[in-house]
Colleague: 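One structure coming up, written as structure tokens, with questions to follow.
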Protein chains: 2
Amino acid sequence: MLSTGKGSISLYMQIRDMLVSKVGKGEWLPGSIIPSEVNLAQELGVSQGTVRKAITELVESNVLTRRQGRGTFVSMHNIDRALFHFFHISDNKGHKVLPDSNVLQCRRKPATRIESSKLHLEAGTSVIRIERMRRISDKPTMVETITLPADLFADLVEGGGYELPNTLYELYEQRYGITIHSADEQLRAIAASKHDAKILNLEAGTPLLEIERVALTLDRTPVELRVSRCSTRNHHYHNTIF
Amino acid sequence: MLSTGKGSISLYMQIRDMLVSKVGKGEWLPGSIIPSEVNLAQELGVSQGTVRKAITELVESNVLTRRQGRGTFVSMHNIDRALFHFFHISDNKGHKVLPDSNVLQCRRKPATRIESSKLHLEAGTSVIRIERMRRISDKPTMVETITLPADLFADLVEGGGYELPNTLYELYEQRYGITIHSADEQLRAIAASKHDAKILNLEAGTPLLEIERVALTLDRTPVELRVSRCSTRNHHYHNTIF
DNA sequence: AAGTGGTCTAGACCACGTA
DNA sequence: ACGTGGTCTAGACCACTTG
């Protein structure tokens, strides 16, 4: 199982990759506990330190979460992760507030050229397109257009039998078994269209911050395209460079 | 020297903090080699593993750099770090090119309210204000206003005896002994002023991406305020969320 | 050949959470 | 009391770089 030859990669990396695949395949589900370090070490015939090093890397990349005295768990999407990890808008005092969400549209449509390119789909594949308006402290602040491959999110069209929650990544995980692990964002300044302007209650042409996010699973498959247009009168996008 | 009592923090953290302070105080200069893990372990009376863990954390936070077979070094600012770590503008194919830089002004002035607040200075303290235009692939793309506390960068005014280089952080480090370690950025969409428009060769009112960066030293003292206004017609700000 | 960091082991004890 | 992760040790061997 584990190769220990000369040209092979190190033990802990093999173990790390094996653990990743257990999570990736859904063998270990988000929120569940994984075997203890000692147990894994015994099963794999290596020392605890080696398993430990493998797990440490996965904790650093947010795949696993350690809780002292309790065990190691597969990371889950929750409101904290949404807020502190995937949401980068703060008010001008530096405070983060998760916006509420107001769905304007939710339709199944053929993918545009841009959508199919960003999501690695064949041209014209069916996608689900959600448009929503988000308020922060009761003020309309963002217009979002979210595009999902229809085959992965089959019943997520209007009348899917439930209301769309505010934090979508939790939904993707719990209902569709799709865990967002990372994302690439491109930011630009654009002028508000008439449509944007109407929804955000400002004048057409007002500069807006456009955030184009492609969200990826653990194996780096793109599964969501999200274009957010934000008024930056009272808010800004915050990034820390370490 | 190292406390090993009950309520005290762990050994490796004490060692890590001690190494940080050696770098912070300039006892170990950027680019220089630090003692080997075995030597440090002997001197401190701990095992190599403990020193190793301390160093590992500092490598992860970009304070130190390991080179197998050679040793461990204090991290330095170079063009790679500027480009891959501190510069987030890419063209729309995802390629990064470091812009060149054209200094328009460099003056010593009293700090504005915003400047003194962001740099934690007394109101009206002397600052050095640099304005420059930056081109990417020969196209004017950004206007930058850089503000530095005058006391830290005493002779950096026009006629300081040398041309301002393109990568300023290298200059700060080599000439003033100030190493930028991290930065906080706030991004907004704004309308180009007449001044911006003239420099960037576009129309006033065009949406621009404004990046307001506060750069910090290792001990989190703010030492540079940089406001960049970027045309996002051919470029964007890129961020990866892990 | 000597010195550096990189991997791995086997075992000890501590701090924390649960039952 | 027990099991978990967290720290620390002492020593082995490997991979890489330099003299």
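Numbered from 1 within each chain, the chains take letters A, B, ... in sequence-line order. This one's a predicted model, so the numbers in the text were calculated from it and none came from an experiment.
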Colleague: Less than 6.0 Å separating the ring centroids of A/His77 and A/Tyr172?
Modeller: no
Colleague: Are A/Ile55 and A/Ile34 close enough that some pair of their side-chain heavy atoms sits under 4.5 Å apart?
Modeller: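 Yes, their side chains come closer than 4.5 Å.
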Colleague: I need the CG-C1' distance between B/Leu40 and C/dG3, as an integer number of Å.
Modeller: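 It is 15 Å, rounded to the nearest whole Å.
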Colleague: Map A/Thr50 and A/Gln68 onto DNA chain C by nearest heavy atom, then report which one ends up closer to the 5' terminus.
Modeller: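 Per heavy-atom nearest nucleotide, the more 5' residue is A/Thr50.
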Colleague: Starting from C1' on C/dC8, measure out to CG on A/Leu44 and report it in whole angstrom.
Modeller: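 In whole Å, C/dC8 C1' and A/Leu44 CG are 14 Å from each other.
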Colleague: Measure CD/B/Glu60 against P/C/dG5 and give the value in whole Å, please.
Modeller: 16 Å
Colleague: When the distance from CZ of A/Phe73 to P of D/dG5 is rounded to whole Å, what number comes out?
Modeller: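 My rounded result for the distance is 9 Å.
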Colleague: With a 4.0 Å limit, can you tell me whether A/Lys53 has a side-chain N or O closer than that to the phosphate oxygens OP1/OP2 of C/dT7?
Modeller: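 Answer is yes, contact under 4.0 Å.
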Colleague: Expressed as a whole number of angstroms, how long is the span from A/Gln42:CD to C/dC8:C1'?
Modeller: 17 Å
Colleague: I'd like to know if B/Glu37 and B/Arg66 make a salt bridge, using a cut-off of under 4.0 Å between side-chain N and carboxylate O.
Modeller: yes
Colleague: Indicate, with a heavy-atom threshold strictly under 4.0 Å, whether A/Glu37 touches base, sugar-phosphate, or nothing.
Modeller: sugar-phosphate
Colleague: Taking 4.0 Å as the cut-off, does a side-chain nitrogen or oxygen of A/Arg70 come that near to OP1 or OP2 on C/dT18?
Modeller: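 It does, given that an N or O in the side chain of A/Arg70 lies less than 4.0 Å from OP1 or OP2 of C/dT18.
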Colleague: Counting only heavy atoms not in B/Asp80 (residues, nucleotides, ligands), do more than 12 fall under 6.0 Å from its CG?
Modeller: yes
Colleague: From CD1 of A/Ile55 over to P of D/dT7, roughly how many Å is that when rounded to an integer?
Modeller: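 These atoms are roughly 14 Å apart.
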Colleague: Is there a side-chain contact between B/Ser36 and the phosphate of C/dG3, meaning an N or O under 4.0 Å from OP1 or OP2?
Modeller: no
Colleague: Nearest nucleotide by nearest heavy atom, which residue falls closer to the 5' end of DNA chain C, B/Val38 or A/Gln48?
Modeller: B/Val38
Colleague: Under 4.0 Å between a side-chain N or O of A/Arg66 and OP1 or OP2 of D/dG6?
Modeller: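 Yes.
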Colleague: Atom CZ of A/Arg52 to atom C1' of C/dT9: distance rounded to whole Å?
Modeller: 15 Å
Colleague: Would a distance-only check, ignoring hydrogens and angles, find a side-chain to backbone donor-acceptor pair under 3.5 Å from A/Arg81 to A/Tyr169?
Modeller: no
Colleague: CG of B/Leu11 versus P of C/dC13: gap in Å, rounded?
Modeller: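 These atoms are roughly 17 Å apart.
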Colleague: On the nucleotide D/dG6, are OP1 or OP2 found under 4.0 Å from the side-chain N or O atoms that B/Ser10 carries?
Modeller: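 The answer is no; no side-chain N or O of B/Ser10 sits under 4.0 Å from OP1 or OP2.
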Colleague: Phosphate oxygens OP1/OP2 of D/dC8: is one of them under 4.0 Å from a side-chain N or O of B/Ser47?
Modeller: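 Negative; the distance criterion is not met.
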